[in-house]
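In what follows, chains carry the letters A, B, and so on, assigned in the order in which the sequence lines appear, proteins first and then strands, with residues in each chain numbered from 1.
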Amino acid sequence: MILPGSFYTRKDVVRIAKDLLGKVLVTEFEGQHTAGMIVETEAYAGTSDKASHAFGNRRTRRTEIMYREGGMAYVYLIYGIHHLFNVVTHLAEIPHAVLIRAIEPLEGIDIMLERRKMETLKPNITAGPGAMSAALGIHTRHTGYMLHGPEIFIEDRGIKVPARDIVAATRVGVAYAAEDALVPYRFYIKDNKYVSKGKGL
DNA sequence: CAAACGATTTTCT
DNA sequence: GAAAATCGTTTGG
């Protein structure tokens with residue numbers, strides 16, 4: 001089943017980040033169906049989190065989407081090259097979000113290979129937020145899209161991830177965030193080949 | 001209006 | 001392991 005809005009509007013962004021592990025992210029762009037199981041996420045806890053774009057209640061055209069009600073996509077460009085896909089959470093006016101960092105390909109693998117210009121299926125096809133977005137065809141133009149379709153949605157297919165298989169770690173690429181770089185807001189499925197190799201602290 | 005920079009990936013040594 | 005690639009957003013004049 002497709003996750004309902006109530007899944008995203010909960011107030012505990014860390015809990016949502018953990019709950020998203022094992023869910024299936026699906027995109028349907030121009031008739032191209034691709035899907036993968038989420039294996040790695042990071043939580044960004046709004047105005048008090050120095051690693052968040054919304055730190056200090058900063059509202060700009062780019063971050064405005066995080067102040068909307070949970071349940072939509074926030075996609076932005078990083079390093080001028082990579083598109084990163086986030087899920088907006090919490091209620092309106094509270095800018096929380098979960099970054100989806102990696103998935104395990106399930107459907108439309110041939111399409112992903114083509115988008116990534118790869119010959120064979122290797123873990124790095126979707127290991128890492130920029131790579132994953134490229135494989136699924138996600139672009140900054142998709143910011144604001146609802147996460148219950150028709151083009152982007154996240155499903156619960158009954159996959160259960162045992163608590164002992166969820167690993168908490170520090171977030172990647174946020175060393176500038178001082179003490180907030182130390183919080184264990186990154187979650188991934190233990191021993192999964194598609195988890196990115198990015199280093200926390 | 002100009003300048004600096006980043007929630008990364010790839011390539012080359 | 002280190003460095004380059006590359007551009008929209010943010011910030012300062």
Does B/dA7 have a Watson-Crick or wobble partner in any strand here, with both distances under 3.5 angstrom, and which is it? none

Distance in angstrom units between A/Asn124 CG and B/dT10 P, rounded: 6 Å

Can you measure A/Tyr74 atom OH to C/dT9 atom P for me and round it to whole angstrom units? 9 Å

Counting side-chain heavy atoms from CB outward, which of B/dT9, B/dA7, C/dT9 is closest to A/His82? B/dT9

Between A/Met118 (CE) and B/dT9 (P), how many Å, whole number? 13 Å

Residue A/Ile81, side-chain atoms from C-beta onward, closest of B/dA7, C/dT9, C/dT6: C/dT6

Should A/Arg101 be listed as having a side-chain N or O under 4.0 Å from OP1 or OP2 of B/dT8? yes

Closest of B/dA7, B/dT9, C/dT9 to the A/Tyr76 side chain is B/dA7

Which nucleotide, if any, forms a Watson-Crick or G-U wobble pair with C/dT6, using both distances under 3.5 Å? none

Write down the distance between CD (A/Glu42) and P (B/dT8), rounded to a whole number of angstrom. 7 Å

Rounded to whole angstrom units, what separation is found between the CZ atom of A/Arg59 and the P atom of C/dT9? 17 Å

What does A/Ala51 touch in the nucleic acid at a heavy-atom separation under 4.0 angstrom: a base, only the sugar-phosphate, or nothing? base

May I ask you to check if A/Arg101 and A/Phe187 form a cation-pi contact, with NZ or CZ under 6.0 angstrom from the six-membered ring centre and within 45° of the axis? no

Is A/Tyr44 stacked on the base of B/dA7 when the test is centres under 5.5 angstrom and planes under 30 degrees? yes

Charged N-O contact under 4.0 Å between A/Lys50 and A/Glu179: yes

Determine, for A/Tyr76 and A/Arg62, whether the Lys NZ or Arg CZ falls below 6.0 Å from the six-membered ring centre while staying within 45 degrees of the axis. yes

Counting just side-chain N and O atoms, does A/Arg116 come under 4.0 Å of either OP1 or OP2 of B/dT10? yes

Rounded to whole Å, NZ of A/Lys50 lies from C1' of B/dG6 at a distance of 18 Å

Please state how far atom CG in A/Leu99 lies from atom P in B/dA7, giving the value in whole angstrom units. 10 Å

Please find out if less than 6.0 Å separates the ring center of A/His142 from that of A/Phe29. yes

Would you mind checking if A/Arg59 and A/Glu93 are paired as a salt bridge, meaning a charged N to carboxylate O distance below 4.0 Å? yes

Measure the distance from CG on A/Leu84 to P on B/dT8 and round it to the nearest whole Å. 6 Å

